[in-house]
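Residue indices begin at 1 and follow the sequence shown. For ligands, and for the atoms within them, numbers begin at 1 and follow the listed sequence.
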Amino acid sequence: MHFKFTTAGESHGKGLLVVVEGLPAGLPITAEFVNHELQRRMQGYGRGARMKIESDRIEWLSGLRAGETIGSPISLLIPNRDWVNWQEIMAAEGSPGDLRRRRVTRPRPGHADLVGVLKYDRLDARDVLERASARETAARVAAGTLARRLLEEFGVEIGSHVVSLGGVRTTSVLPLPAPLNAVSDRSEVRVIDATVEGPIRDRIDQAKRAGDTLGGEIEVVARGVVLGLGSHVSWDRKLDGRLAGLLMSIPAVKGVEIGLGFEAARRPGSAVHDPIDAEADNATTGGFRRRTNNAGGLEGGMTTGEPIVVRVAMKPISTLMSPLPTVDLTSHQPAKAQSERSDVTAVPAMGVIAEALVAIVLADAMLEKFGGDSLGEMRRNYHGYVQSLGSRWRAVDSSSEGSTLPPDA
Ligand code: EPS
């Protein structure tokens with residue numbers, strides 16, 4: 001079984017549609033639970049006027065009865081409140097007529113506009129930007145929240161925080177609070193280091209005045225993930241690759257690091273790899289623990305049972321209020337790029353989106369390993385695995401078979 005999902009919908013169309021398949025029957029979930037995550041995604045200092053218009057809430061279309069999944073595909077709708085202002089421009093049918101004069105013809109450097117119109121052979125960059133818009137991430141957060149609900153049943157907690165924004169870095173606060181979001185969600189820029197809150201806000205204000213935009217980095221931490229999700233045996237089963245792939249698909253994301261990430265490349269092995277200790281009562285790690293977690297919870301493409309730690313870097317949004325030079329596609333003359341209402345930064349929101357996508361990858365790996373038709377079946381599979389994790393090695397210690405093994409086997 002796999003967690004499969006698809007999204008549809010334009011930024012200023014009627015709404016966003018999500019279809020999720022693979023969740024077992026019997027998983028309790030409410031619209032309120034999903035709406036809470038959608039609201040979290042809409043927050044953050046530096047967001048634009050659109051977020052004052054929207055109030056994202058889902059409408060279930062299928063897959064649920066009496067508050068529980070029934071095993072069939074789940075579909076849901078997130079209506080766009082802004083649709084009322086765009087009905088004419090975004091009408092599904094009718095002649096282009098008047099729209100010809102309102103075309104987007106000055107592609108923004110850094111945006112999908114130019115490549116999209118050429119590749120798809122369109123005469124209006126709106127046909128591209130509507131789907132390239134980060135509005136689509138609302139749909140992914142909804143899908144990811146269903147995954148998060150499944151993971152909760154198995155004791156997994158996922159949170160995130162901003163580690164840098166507009167070049168202002170937070171100092172690391174270790175150990176990280178748990179649950180992480182209880183602290184980061186209290187901050188308008190989702191930092192847990194309160195001393196940088198003011199400087200980051202100032203940086204955003206400054207960029208806004210200059211008509212500029214800002215990028216930054218976030219960190220996602222997933223705790224309580226059992227050892228052994230993913231696999232070392234084939235490239236497409238390695239969980240680090242699956243995480244990086246999905247996270248890199250967030251609009252404007254340019255980099256993903258796991259654990260120490262790029263810093264690991266600069267250190268000797270003795271300062272990178274996490275020494276192993278025995279910890280008999282730690283069931284989800286098979287009776288072991290790591291003194292450090294530089295690996296970010298993944299070795300050989302498999303979860304170690306330590307927290308999964310992933311950092312994601314986002315470039316500044318490509319819609320600038322002080323637009324960059326481009327070419328007008330109708331005249332082929334130099335022009336200023338299209339400047340639409342947009343955000344100064346969406347880095348705090350990106351953390352919420354990244355959490356949702358990490359949840360999707362983990363739920364997918366859980367379903368692959370323990371999946372069943374019902375939540376009860378999945379639970380039995382999970383607990384059976386956890387109970388037997390490492391048991392053969394424990395038996396070796398006391399059995400005669402064990403004594404025949406070399407001491408370092
Ligand atoms: C976006 C532009 C802005 C953002 C939008 C992403 O929207 P608009 O063009 O309507 O002002 O607010 O993000 C969202 C709508 C959202 O829900 O996150 C873009 O061009 O990518």
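With Ile353 as the partner, the side chain to side chain contact (heavy atoms under 4.5 Å, CB included) test is satisfied by one option alone out of Val358, Thr137, Val253, Leu247: Thr137. The side chain to side chain contact (heavy atoms under 4.5 Å, CB included) test with Asp193 is passed by exactly one of Ile200, Val162, Thr171: Thr171.
The protein non-hydrogen atom at the shortest distance from atom 6 (C) of ligand 1 is Ser133 OG, 3.4 Å. Shortest contact from atom 21 (O) of ligand 1 to any protein heavy atom: Ala134 N, 3.1 Å. Of the protein's heavy atoms, Arg341 O, 3.4 Å lies nearest to atom 9 (O) of ligand 1.
Within the structure, the closest approach of Gly48 to ligand 1 does not fall below 4.0 Å when heavy atoms are considered. Within the 4.0 Å heavy-atom cutoff, Ser342 counts among the residues contacting ligand 1. Under a 4.0 angstrom heavy-atom cut-off, His12 registers as being in contact with ligand 1.
Looking at every heavy atom in both residues, Leu229 comes nearest to Leu362 through CD1-O, 4.3 Å. Heavy atoms only, all atoms of each residue included: Arg41 and Asp56 are closest at NH2-OD2, 3.5 Å. What you find for Arg311 and Val163 is that their closest heavy atoms are CD-CG2, 4.2 Å. Minimum interatomic distance between Gly166 and Leu214 (heavy atoms only, all atoms of both residues): CA-CD2, 3.9 Å.
Annotation: the span from Met314 atom CE to Lys254 atom NZ amounts to 11.5 Å, rounded to 0.5 Å.
In Asp343, the part holding a heavy atom less than 4.0 Å from any atom of ligand 1 is the side chain. Under 4.0 Å from ligand 1, not a single heavy atom of Glu54 appears.
Contact annotation: the side chain of Glu153 approaches that of Leu375 to within less than 4.5 Å [non-hydrogen atoms, C-beta and beyond].
Taking the six-membered ring where the residue is Trp, His12 and Trp86 present parallel rings, their angle staying beneath 30° rather than reaching 60°.
Within ligand 1, counting atoms from 1 as listed, the ones closer than 4.0 Å to a heavy atom of Met51 are 14 (C), 15 (C), 16 (C), 17 (O), 18 (O). Interface of Arg47 with ligand 1, defined as ligand atoms under 4.0 Å from a residue heavy atom, comprises 16 (C), 18 (O).
Between Thr137 and ligand 1, no pair of N/O atoms sits closer than 3.5 Å. Residue Arg135 places at least one N or O, backbone or side chain, under 3.5 Å from an N or O of ligand 1. Residue-to-ligand polar distances place Arg41 within reach of ligand 1: an N/O pair is separated by less than 3.5 Å. For a threshold of 3.5 Å applied to N or O pairs, the pair formed by Ala132 and ligand 1 contains no separation below that value.
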